[in-house]
Visitor: 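Would you mind keeping the following structure in view while I ask a few things?
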Amino acid sequence: SELAAAGIIASFWLPWVPPALLSFLLLLGLVAVNARDVRQFGETEYWLALIKVAAVVLFLCVGAAVDVLGFPGERPLGLEYWWSVPGAPFKDGLRGVVSVIAIAFFGFGGTVIRNDDPNLSLSAQNDDVSIAPFTLILRRAGLGPATHVMNAVILSAVASAANSALYAASRTLVALAARGQAPRIFAAGVDVRGVPWAAIAVTVAVASLAGLGIVWG
């Protein structure tokens, strides 16, 4: 799912390139990272995590500024949506807060639902569902160049998740093979640096199926 999402996010800059091809290129990059020793893998994840933390702080600042100052040409919203609209976190007291938290869990899990209701979109163009919401917010706030930065941050976050998944899946196969719960080739196909080539090959083969989901929807 991360590879499929990455291909769609990268289409923000390269709309003429098939998303499946972009996903495949990212997969090649992840293989290159996982083909190095674990120290290099950890170094890569460190910098990707640092980018995500910096982006969260930046977006919190932008969000606060939008609440106080409003979008260009529009009145400030302040905390109006915290209790004045259906589904607002403080509209129904503690019950509303708990229900919003439950919905937020699905958001952090990566669930995405396409909706053609124009009231739920920041743009009349439904094509914007392929653009990250954070990017749309920055664009509407008049921070055009920042949209590219935020989109790059989101892409790095998705790449980090896919990178960790590839690492965990391949090493899990090695651990299972060592315990006799998977074909022994996975345990035997580890080089002197600890890179499990056989397990990585199988994991990459399965991950490549993400391209089919993009092509056939």
Visitor: Using side-chain heavy atoms (C-beta onward) and a distance below 4.5 Å, is Leu22 in contact with Ser11?
Guide: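 Yes, close enough: below the 4.5 Å cut-off.
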Visitor: For a quick test of your reading: what N or O donor-acceptor pairs under 3.5 Å do the side chains of residues 170-189 make, sequence neighbours left out?
Guide:
| from | atom 1 | to | atom 2 | distance (Å) |
| --- | --- | --- | --- | --- |
| Ser170 | OG | Leu166 | O | 2.9 |
| Ser170 | OG | Tyr167 | O | 3.0 |
| Thr172 | OG1 | Ala168 | O | 2.6 |

Visitor: Same cluster for Val17 and Trp13 if Ile/Leu/Val/Met/Phe/Trp/Tyr side chains link at under 4.5 Å?
Guide: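 Yes, Val17 and Trp13 fall within the same hydrophobic cluster.
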Visitor: Ignoring hydrogens, what is the shortest heavy-atom contact between Val204 and Leu27? Give both atom names and the distance.
Guide: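 Heavy-atom minimum between the residues: CG1-CD2, 3.8 Å.
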Visitor: To the nearest 0.5 Å, how far apart are CD1 in Ile51 and CG in Leu58?
Guide: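 These two atoms lie 13.0 Å from each other.
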Visitor: Please report the interatomic distance CG(Leu48) to OG(Ser156), rounded to the nearest 0.5 Å.
Guide: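 Going from CG on Leu48 over to OG on Ser156, the span is 6.0 Å.
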Visitor: Just do the side-chain contact (heavy atoms from CB on, under 4.5 Å) check on Trp197 and Val190 with the steps written out, would you?
Guide: CA-CA 6 Å; Trp197 287 106; Val190 180; over 6 Å; no
Visitor: Taking Leu21 as the starting point, is it possible to reach Leu14 by hopping between hydrophobic residues whose side chains are less than 4.5 Å apart?
Guide: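 Leu14 and Leu21: one cluster.
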Visitor: Just how far is it from atom CG of Leu25 to atom CG of Leu30, taken to the nearest 0.5 Å?
Guide: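 Separation between the atoms: 11.0 Å.
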Visitor: Nearest 0.5 Å, please: how far is CD1 in Ile8 from CG in Leu155?
Guide: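 One gets 12.0 Å once the value is rounded to the nearest 0.5 Å.
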Visitor: Give, for atom CZ of Arg36 and atom CD of Glu43, the distance between the pair rounded to the nearest 0.5 Å.
Guide: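 Atom-to-atom, Arg36:CZ and Glu43:CD are 9.0 Å apart.
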Visitor: So, Asn163 side chain and Ala159 main chain: donor-acceptor pair closer than 3.5 Å or not?
Guide: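 Such a contact is absent between Asn163 side chain and Ala159 backbone.
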Visitor: Using the ring pair (Phe, Tyr, Trp, His ring centres under 6.0 Å) criterion, which residues pair with Phe24? Sequence neighbours excluded.
Guide: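 None.
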Visitor: State yes or no: do Trp47 and Ile154 share one hydrophobic cluster built from I, L, V, M, F, W and Y residues joined by side-chain heavy-atom distances below 4.5 Å, directly or via other members?
Guide: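 No, separate clusters.
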